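Notes to accompany the following structure.
In this text the structure is predicted, and so the values were computed from the model without any measurement. Below, read A as the first sequence line, B as the second, and so on, with proteins coming before strands; counting in each chain starts at 1.
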There are 2 protein chains.
Amino acid sequence: MSEGSPERERGVLAKAFDVLAAFEGSRDGLVLVELARRAGLPLTTVHRLASDMVRQQVLERLPDRRYVVGRRLWQLGLLARVQGGLRDVALPFMQDLYEATRENVHLAIRDGDQALYLERLHGRSSVPLVSRAGGLLPLHATGVGKVLLAHAPPEVVDQVIKNAEKVTPYTVTEPGRLLRELAEVRRREYARTVQEMTLGTCSVAVPVRDPDGIVLAAIGLVTTTRREPTRHLAALRMAAAGIARDLARRPGGKSTT
Amino acid sequence: MSEGSPERERGVLAKAFDVLAAFEGSRDGLVLVELARRAGLPLTTVHRLASDMVRQQVLERLPDRRYVVGRRLWQLGLLARVQGGLRDVALPFMQDLYEATRENVHLAIRDGDQALYLERLHGRSSVPLVSRAGGLLPLHATGVGKVLLAHAPPEVVDQVIKNAEKVTPYTVTEPGRLLRELAEVRRREYARTVQEMTLGTCSVAVPVRDPDGIVLAAIGLVTTTRREPTRHLAALRMAAAGIARDLARRPGGKSTT
DNA sequence: CTAAACACTTCCACTCTGCGGAAGCGCCGC
DNA sequence: GCGGCGCTTCCGCAGAGTGGAAGTGTTTAG
């Protein structure tokens with residue numbers, strides 16, 4: 001294969017996960033030929049792998065020939081305690097925050113040069129967003145992302161700034177401006193964005209720290225531009241402090257990553 | 001292999017999912033030898049498979065040699081829209097229900113002869129429980145389970161009743177008594193249990209129906225025995241009706257399973 | 001109505017991946 | 001120092017997995 005890695009990299013298992021990864025850009029499932037195309041594998045190979053995974057209930061084949069990710073993968077995925085179970089500790093505080101504000105509530109961690117959303121709470125009256133649990137969004141264009149970036153190692157900051165692209169016309173991508181923003185985030189301990197990820201929305205986010213003061217995650221709110229999110233700053237900080245407190249109280253005390 | 005199924009069943013993929021399944025009974029991760037034992041596979045085979053899955057970030061190996069399920073599997077698992085995305089539709093209603101009652105809120109579907117929990121919401125003051133999202137519990141011993149069982153095909157009811165075992169001394173397992181309870185659940189459209197799954201707790205659950213009236217899921221509350229859960233019946237029914245209404249409004253209109 | 005396009009299934013000769021017991025290493029407890 | 005435990009590496013080879021080709025069935029366009 002052309003990946004420049006050990007040729008044993010492309011065994012059955014690797015191919016199976018290529019197939020599963022193909023669903024990441026999909027909303028409504030994929031027919032076999034499209035699945036093969038996205039996975040970058042021959043049709044027959046994908047046919048066989050997909051059939052095996054349907055048998056395992058990892059994939060499901062709908063009557064209209066589309067494949068979707070199956071419940072078995074969902075069940076197995078839930079066995080993961082991402083960031084040491086941070087999501088489970090944070091969830092009650094996120095619920096409190098949702099109740100208090102009725103806005104979208106996000107919890108995210110840094111995953112390389114992106115923000116990985118651990119959870120998103122929202123109500124039926126919350127502004128619709130592109131974020132979802134398990135999803136990745138740019139660090140430079142989101143509130144939680146800016147908090148995470150502000151506390152990232154310098155090489156990550158350099159990489160993100162070098163590759164920063166506009167998502168909306170308002171997305172800040174100029175290196176100098178971004179660096180000043182990140183310094184401001186560290187100084188005042190919160191980030192605020194206006195229409196940088198989605199037009200019509202703005203956000204505010206604060207860091208969640210471990211007992212050693214290391215920033216593990218960011219928690220944030222997203223509202224419409226008609227509602228100023230920083231008025232919820234006190235509530236956000238209370239939620240972040242509560243999460244930090246409960247993390248400190250746990251036997252392990254620290255995350256496993 | 002001795003499974004009596006097609007011999008191709010035991011390929012690499014099947015073994016890999018055997019390995020992942022081994023984590024289902026685990027809380028704190030597994031060392032290699034324990035993983036091999038639980039997966040029922042030779043040590044060398046599991047070593048190779050586990051190393052491949054670590055490379056894929058599907059598993060993670062901790063400094064103390066334990067393996068845990070990794071964030072990649074979590075991310076891929078979240079691509080599944082179990083029961084057609086029912087959880088996502090139901091979540092705002094579950095949040096409302098949690099706010100109104102401050103108790104554990106469950107959403108479950110029937111998975112063969114067990115209850116599969118799609119989501120569980122709880123606060124820091126809610127009574128601790130064994131249930132978790134992605135987990136399975138017996139149909140005959142839980143509130144949501146009894147609702148699901150009451151609306152299951154007769155062969156499922158027969159199987160569950162035949163195999164019913166006590167989880168606590170209060171678990172109802174006598175066939176006649178169970179059948180009468182299920183008839184009562186159908187008549188009054190809710191189930192109530194007292195200490196059948198966990199001592200000190202009781203529960204109430206109601207059906208969630210699709211536009212054709214088919215019971216898709218059950219939503220329920222679990223409280224301590226000191227707090228009568230049926231006083232929340234009206235709130236539960238409102239939540240179930242709201243979920244049903246939103247399900248009916250969706251383009252697909254129906255679940256995909 | 002017909003042809004083209006598309007999605008999918010099955011075949012099968014062949015390659016090379018994946019197999020797992022054995023041997024050996026390192027660490028820990030007694 | 002020894003035994004037990006967890007883990008890593010080796011390696012010959014059997015058969016699992018490969019994928020292009022051919023064929024089937026359905027849908028779409030003219």
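The shortest side-chain heavy-atom distance between A:Asp158 and A:Lys162 does not fall under the 4.5 Å cut-off. The shortest distance between side-chain heavy atoms of A:Arg87 and A:Met94 does not fall below 4.5 Å.
The distance from the CG atom of A:Leu136 to the CD atom of B:Gln75 is 5.0 Å, given to the nearest 0.5 Å. Between the CG atom of A:Leu149 and the CZ atom of A:Arg110 there is a distance of 8.5 Å, given to the nearest 0.5 Å.
The pair A:Arg55-A:Asp52 counts as a salt bridge, with a side-chain nitrogen and a carboxylate oxygen less than 4.0 angstrom apart.
In the set D:dG6, D:dT8, C:dC8, D:dG6 carries the atom at the smallest distance from any side-chain atom of B:Val31. Among the nucleotides D:dG6, C:dA22, D:dG20, the one closest to the side chain of A:Thr44 is D:dG20. Listed candidates were C:dG21, D:dT8, C:dC8. Nearest to the side chain of B:Leu43 is D:dT8.
Each of A:Arg65 and A:Pro42 has a nearest nucleotide on DNA chain D; the 5'-most of these lies closest to A:Pro42. If A:Val33 and A:Val12 are placed on DNA chain C by their nearest nucleotide, the residue sitting closer to the 5' end is A:Val33.
In this structure, CG of B:Leu41 is placed 7 Å from P of C:dG20, rounded to the nearest angstrom. The CG-C1' distance, from A:Leu49 to C:dT9, rounds to 15 Å in whole Å. Rounded to whole angstrom, the span from the CG atom of B:Leu32 across to the P atom of D:dT8 amounts to 7 Å. Put simply, OH on B:Tyr67 is 10 Å from C1' on D:dT8, counting in whole angstrom units. Taking atom CZ of residue B:Arg55 and atom P of nucleotide C:dG18, one finds them 11 Å apart after rounding to whole Å. Rounding to whole angstrom units, CG of residue A:Leu13 and P of D:dG17 are separated by 11 Å. Atom CZ in B:Arg37 sits roughly 14 Å away from atom P in D:dC5 (whole-Å rounding). If you measure from atom CG of B:Leu30 to atom C1' of D:dC5, you get 16 Å, rounded to the nearest angstrom.
At the phosphate of D:dG19, neither OP1 nor OP2 sits under 4.0 Å from any side-chain N or O atom of A:Arg48. The phosphate of D:dT8 (OP1 or OP2) has a side-chain N or O of B:His47 nearer than 4.0 angstrom. A sub-4.0 Å separation between OP1 or OP2 of C:dC19 and a side-chain N or O of B:Lys15 is present.
Contact of B:Thr45 with C:dG20 (side chain to base): no donor-acceptor pair of N or O atoms is detected under 3.5 Å.
Among the heavy atoms of the strands lying under 4.0 Å from A:Arg61 are primed sugar atoms or P, OP1, OP2 only; no base atom is included.
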